[in-house]
Structures are given as C-alpha cells and as structure tokens.
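The block underneath contains the structure these notes are about, expressed in structure tokens.
Every chain is numbered from 1, with letters handed out A, B, ... down the list of sequences. Just so it is clear, the values below take in all heavy atoms, side chains as well, and ignore hydrogens, waters and symmetry mates.
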Amino acid sequence: MTLVLVFSGLLFAIGTYGVLTRRNAITLLISVEILMNAANLNFVAFSRLWEPELMTGQVFALVGISIAACEAAVGLALILAIFRRFGTTDVGRIDFLRG
Amino acid sequence: MLDSDVQIALFAAFGGIAVIAALAAVLTRYLLRSIVAFGAFLTAIAGQFYILAADFVALIQIFVYVGGVVVLILFALMLSAVGQKHPLAVSEHRGLGAVVAYAVGGWLVWAAFGQDLPKAGQVPGETVAFLGRAFLDQQLVAFEVIGIILLAAVVAALVIVRGERL
Amino acid sequence: MEVNWPDWLNFDWLDLGWLELPWVDTNWFHDNWYGLLLLGFFWGVVVFTMVGALTAVYVYVERKVSARIQGRLGPMETGPHGLLQTLVDVVKLAVKEDVRPAAADALAFRLAPLLVVVPAVMAFVVVPFGVPMVIRDLNVGILYFLAVPSVTGVGLLLAGWASYDNYSFLGGLRASAQFISYEIPRTLAVVTVVMLSGSLSSAGLIGAQADTTWFVLLLPLSFVIYAVTTLAEVNRVPFDIPEAESELVAGFHTEYSGFRWSLFFLGEYASLTTASAFAVALFFGGGLGPVLPPVVWFVLKTAVIVFFAVVLRFTLPRFRQDQLMALAWKYFLPLSLVNLLLAGLVMKAVF
C-alpha cells in the first residue's frame, strides 16, 4: 500500500511541476490530467484497502475519468477558440480581454 | 499459484513506466512527444489499476483516456499547430516550479511512509457486478450528476467551437 | 503489501495445464519468474501467428472473390490456384526498402504502425473459438474487446501527422474522426447484447446464447448497427474514405513502405478478422451448433461473415466524407440510442 502512495505522490509532484512551468495550453491540460490520474490511483488503492466489496473508491475513479473526459472536451474546445482568435496556444501571450 | 511478490514487482514496473512517461510528458519541448508520452503514462496507470484488482476501471481508463482523450488532444494539436516543428518556449519560472513540486512530492511520499494502514480485505472475484450495484444503489446521485455534467460539457464544447453566432 | 488476490489475477491459465499435456511440468513455470515470462512470450507468439495466418487466408480469399466478381481469375501462378501468392507477397514486403521521409518525426513515424497492429492482435485474446475455449476468459472480456482496439485511433492520427505530408495528414484526420465517431454507436449496439447476456465475459456470452438462442434473432437492429459501424471503423469500403486513392493518394499510409506499410495492412485485416470473429460470438452463438465440433462451427460462421464483407467491398461505391460523418452522428447515434431503449423496455416486459 505504501508503494501505491509513493507512486501517486511522485506522479502528483510531476504534474504539479508541469502545471507550474509549462506555457502551452495543451501541455497544461496534460499536466492536469496527470494530477487527476495520480488522485485516481489513490482512490482505487484505498477502495482495495477498505471494504473492497462496496467499490466506493472505484466508483470515484470512474466518476473522475468521466469528469476528465468532459474537461478535456471543453478545454480543447477553448484551446481551439483561443487559437482562432490569438493565433497561439501559449497562455502567457493571451493578454487582452477585449473581444 | 503465485505469491504476491510477482504482482508487487509488476506494480512497481508499471509505476516506473508511469513516472518516466509522466516526466517525459512534462519535460519534453516537443508537443507531439509530450502527447505520446502521456498516452504511455495512461496505459501504465491502467496496468496499475488492473493489478489493484480494478479490471473494469483499467479498461475504462484505456477506452476513455487512450482511445478518447489522447485522440482529442492530438486533434487539438493538429488543428492548432499545423506545420509547427520548432520546440516550445519554456517558462522562466522553472526553478520555482521545481522547488514547489519537490516540496509537494516530498511531503506526499513522507506522508505515505508515516501511515499505519490496515491489511487489505478479500476482493470480490466479479468486480463488475459489485460496481453496477454500487453505481445504481448507493452512488446513484453521483451517476445521475455525471450524466448531466457530460451533457453540459458536450453542449458547451460545441458552443465554444462554433463561435458566438449559432 | 499483504493482500489476497482474486482468482483472475493469477497466472494459472498461462501454463497450458488446461490442455493436460502429459509431458509439460506446469509447476516449473510458476516457480520462476522467467518461466512466467517465457509463457507470456509463448502466448504472444501463438496469437500473433494465428492472426498472421488468418490474415494471409483472408487476403487470398479477397483476391479470389474480387476476381470472380470482376470476371477475372485472380492470382494463379504461384502454387496451385495461386495459393502461395500471399506468402510470396509477405516475403516481398519484408525485404523491401524501408523509406522514411526526411521531414518525418522519427519517433512517431515508427510508433504509429505498431499502435495500429498491436491492439488489433491483442483483441484476439478474448475471442471465444469454442464453447468453453478462449485464450483468456477475462470477466470484462467484451469491454476489453471494445477498449483495446480503440487505441488504433491514436495510431492512425500519429501516422498521418508524423509523415509530414498533406495527403497523409488529411487521411489521418479523416481516419481518426471516422474511427471515434463510429465507436459510439458500435459500443451502444454491443451494450444491448451485454444487457441480454448479463455478463461481460466472452464465455458467459456464449453460455447465455446456449440457454436462449442466437442473439441476432433477438436483437437484429443491434447486429445491423454493429456490422455497419465495424466496416466503418476498419476503413473498409464503402467507408474507406481515409484511403480513397482517387483523392488522397493512399491516405495516412502514403509515406510508408516495405515492412511498416505491411504492418498497417496487417492491422487493417487483423481488426476486420477479429471484429468478424467477435460478431459471430456476439450475435451468432459462437461455436454453438449441432454435430460438428465448436471450433469448426466458429470458423465456418466467421468465414461467412468475412465473405460478406469482401463481397460488399467490391459491389458498393464509396461515401463522401461529409455524408459519412452525417451518417454516424445524425442517423446511427440516435438509432443506437433508440435501439438501447427498446431493448431495455422489451427485456423489462418479457423477463
């Protein structure tokens, strides 16, 4: 069990680094997805640990996966809309609010 | 019958792949490689799910993430960066990011070792039946809410992509 | 980590113990990790060989049938009635020069064919050949069959992008868009079968059909949806727009040659073979049938389905891209949802 927690901690740290340092919107999205996967890993592991037949953790992981899919769909739609307007997907260069 | 050492070794192997792939996805300056590494990362996580006795979740992970989200991301890449071959710019805050990530990771790993966890119980052989019961019984609200959120997200994505004039 | 693993996480099934061969000491495999690795490798080779052989047969049948439809003879020179032609072609493809465009992204260019072939071959693992006989009877077998080949979409898109060529790029985009669009109605069609059989394992599926009847009789609409969407997913005529020679040269594999090209070819035929075999399991009772042994029944039924796919290829014209997407989203998606609802209502009323 400790092993699982160590791995998910490492992955969470990697995702955090990605979110903090990357400038491209698509890579940011990937980093966020890494964070969500690290969390899902913990959910599944704890579902395995406590009352496995209730499956609460696995249900949570499935909900998480669905949310991640929604997030990707909306996020990528936003990225496309931003690219059409600004001609870039670098979040640092999207700097005016006027439409 | 195997003792669980082999499964622990397999879990660690998948974990190693996941960590390396995640690092590659975050560190590489080529967007396409980042996405490929992300796909490898997701597959490794699916392997870990399988070893944690969550076969259904593992396959859904592959179905939705690798078959769906990665394809979507590739689509977005292709529609937004046609012909782009030069590496991406990196942020000037890399040092700060590394410090924060190191702190978060160190804290999480330290917390992992500090816990006195109980031993795992017996997993039911037929996970799908239990999952179905859980989804349509205790977690019914979550199930319904997910449906609404998915619908809203799809409509929102369509509206955003179509632009202001519908 | 002290845990009790459920049965299906053990590797007992690998050791051929169920074949009861007298000269095989099954314990040896479990005592060593390399024995286990050896077994896994062995099964990988077995599955890959099976798929390869089936593909060769398939290609031969397709050539002969197409020749008959067009009033030709087809391959005749190599071997009796050209039986060895496919084998010779394989050798030819394997020794051909492997050209990679200078501007291509090397990593993605090499990865893409593998991402197309490997899932198609992996899906073969859960196909039930006989009444109890499956290489691996996962208890989420049907989901596995749907999930693993979905990785192919990534491979198609990568191939198109990595080639750094406009025709490949367009072909890849089209192939992938088509793939993920048709995946949804296809999954929904399979869901009705799962509802009826009450099991996600491929052995359970055959068992349920042994208890009732062939599911194609109970769910004809599901079968139609499955058949059409499967043809669309594996880019077969009339849905082969990603590879339309007249407009896109050869689509996403324009820049590929030699062995890598043949991997795409193998992937396409392997996924069609696997999908046909699984259609037999889903709708035509798998290996169920009188007199003959189950495996023979299974092969016969699969052969009939494959024959129909070949005949379709040479008798129908091609769709247009926008018609194709409209067909998926405006007709097949609502149709499969209605089908799901109807199946649920009828089941509620009957059972």
Taking every non-hydrogen pair under 4.5 Å, which of [options] racks up the most with chain B?
options                                : result
Gly9(A), Cys70(A), Gly18(A)            : Cys70(A)
Asn40(A), Leu62(A), Thr16(A), Leu10(A) : Leu62(A)
Thr56(A), Leu29(A), Ile14(A), Leu78(A) : Ile14(A)

Evaluation steps, side-chain contact (heavy atoms from CB on, under 4.5 Å), between Leu11(A) and Val19(B):
CA-CA 6 Å; Leu11(A) 292 172; Val19(B) 168; 4.0 Å; yes

Contact part of [X] toward chain A, heavy-atom cut-off under 4.5 Å: side chain, backbone, both or neither?
X         : answer
Val64(B)  : side chain
Tyr102(B) : neither
Leu42(B)  : side chain
Ile146(B) : side chain
Gln138(B) : side chain

If you count heavy atoms of other groups shown closer than 6.0 angstrom to CZ of Phe63(B), is the number above 12?
yes

[X] [atom1] to [Y] [atom2] distance, which is reported to the nearest 0.5 Å:
X        : Y        : atom1 : atom2 : answer
Gln58(A) : Ile60(B) : CD    : CD1   : 11.5 Å
Gln48(B) : Asn37(A) : CD    : CG    : 10.0 Å
Leu76(A) : Ile73(B) : CG    : CD1   : 6.0 Å
Ile26(A) : Leu77(B) : CD1   : CG    : 5.5 Å
Gln61(B) : Ile65(A) : CD    : CD1   : 4.5 Å
Phe75(B) : Leu80(A) : CZ    : CG    : 10.5 Å

For [X] versus [Y], what's the shortest heavy-atom pair and its separation?
X         : Y        : answer
Gly97(B)  : Thr21(A) : CA-CG2, 4.0 Å
Ala142(B) : Val63(A) : CB-CG2, 4.4 Å
Ala61(A)  : Val57(B) : CB-CG1, 4.1 Å
Gly15(B)  : Phe7(A)  : C-CE2, 3.4 Å

When only pairs under 4.5 Å are counted, which of [options] shares the most heavy-atom pairs with chain A?
options                                  : value
Ala134(B), Gly105(B), Ala157(B)          : Ala157(B)
Val69(B), Leu131(B), Leu108(B), Ile35(B) : Leu131(B)
Leu23(B), Asp137(B), Val145(B)           : Leu23(B)
Leu72(B), Val99(B), Leu96(B), Val100(B)  : Leu72(B)

With a 4.5 angstrom heavy-atom cut-off, is it the side chain or the backbone of Ser31(A) that approaches chain B, or both, or neither?
side chain

side-chain contact (heavy atoms from CB on, under 4.5 Å) for Phe41(B) and Ile30(A)? Distances and angles first, verdict last.
CA-CA 11 Å; Phe41(B) 161 78; Ile30(A) 290 179; over 6 Å; no

Does a side-chain heavy-atom distance below 4.5 Å link Val59(A) with Phe143(B)?
no

